[in-house]
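For reference, the structure discussed in these notes is given below.
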Amino acid sequence: MPERWTEWRARRIQNPVSRLRYLRRQGRVRATRRVLPWALAIIGASFVIVPSNVSAPAMESSASGRSGDPAAPPAVWLVEESRGRELYSNGLQVEAQGAVANQPRVESARGIVFHTSESQLAEWSEGTNQRLRLLGRGLLDYVRGEKSYHYLIDRFGQAHRVVTESDIAFHAGHSVWADSDEAYVGLNARFLGVVFESQSRPGDDAPEMTPAQRQTGRLLVEMLRSKYGIAASNCVTHAQVSVNPRNHRVGWHTDWAGGFPFEELGLSANYAIPVPAVARFGFSYDPAFFAATGARMWEGIVAAEGLLREESARRGLTVAGLRQELRRRYHELAADREKEKSP
Ligand SMILES: [Zn+2]
């Protein structure tokens, strides 16, 4: 794992115990020694007495939540299931009747990718009620037929299960993300897909999202994070993860390339995370991507470029040389993922 990425992640972890645990997991012994007295000082300040022989593993076991996770979601559970409708303890209602099966996912879910449907939208008014309902229904039938996502949130804020959660949905295509544990290549295997009935707009103009969609989005994210222990920083948009392996550019799909309301959905401001496709795998971007994206998305691109430059300087490589090495790594991992698919 590139050093600069590790350091960046560590700086973002506010809980000193989680930070220590993260650095230890990365095998950053020197960094761990540097952090340890500081972490102990803070823990001591919080709890007054810290036994001098407290061991790192004991501290680790007392840490809660995943490292880098700003806020653990509340516990959410299934309250009742009746006639294809599910009610959850946080008020979420899911219309599950008609959900389709696909090939089972062999690994547990580690994240969520948010999409826009890019489907036709009717004007949002009482006068177009029938058309609004027809378009939403048509979209649901279509995405179930294509097994495109796990959930669709229509414009009335109704959450529909599209593909069974334990199965793969075909939502992310060529895609990359990374957290403090591992790098993910081909996110369909590990990430759930949630689509909002909505259309992208260029730049900083956010796709239209009704208040009901925001509300349901928040409840659905809470439920999925609670159920699978998903870190907030692994809840990201398609534009942040989508890549084109042929020309090594990011943003093959640009849905939610700006304007995704992370905070309103109870998540961290994830556009600021250095885009792993750039920082970890040397991908680049083109003017079309620049035009399609908003300023917030560029925070992550610029941060990733900065990490690449730092890493190349540290290793005495040119940025181009480092990119080549990282891209080779991407193709190795992508090939491994393909082999797993066809045993
Ligand atoms: Zn998408």
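Just so you know, ligand 1 is whichever comes first in the structure, and atom 1 is the first atom listed for that ligand. Every value quoted in this text rests on a predicted model; they were computed, and no experiment measured them.
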Can you name the residues that form a salt bridge (Lys or Arg N to Asp or Glu O under 4.0 Å) with Glu107, not counting sequence neighbours?
Arg190, Arg337
Does His253 put an N, O or S atom under 2.8 Å from the Zn ion (ligand 1)?
no
Any salt bridge linking Glu197 with Arg155? Criterion: basic side-chain nitrogen under 4.0 Å from a carboxylate oxygen.
no
Do the side chains of Arg161 and Glu86 get close enough for a salt bridge, i.e. N-O under 4.0 angstrom?
yes
With carbon and hydrogen excluded and only N/O/S kept, which atom of His115 is nearest the Zn ion (ligand 1)?
ND1
Asp255 near the Zn ion (ligand 1): N/O/S under 2.8 Å:
yes
Please list all pairs meeting ring pair (Phe, Tyr, Trp, His ring centres under 6.0 Å) that have one or both residues in residues 300-320, counting only residues at least two apart or in different chains.
none
Quick check on the Zn ion (ligand 1): does His238 put an N/O/S atom closer than 2.8 Å to it?
yes
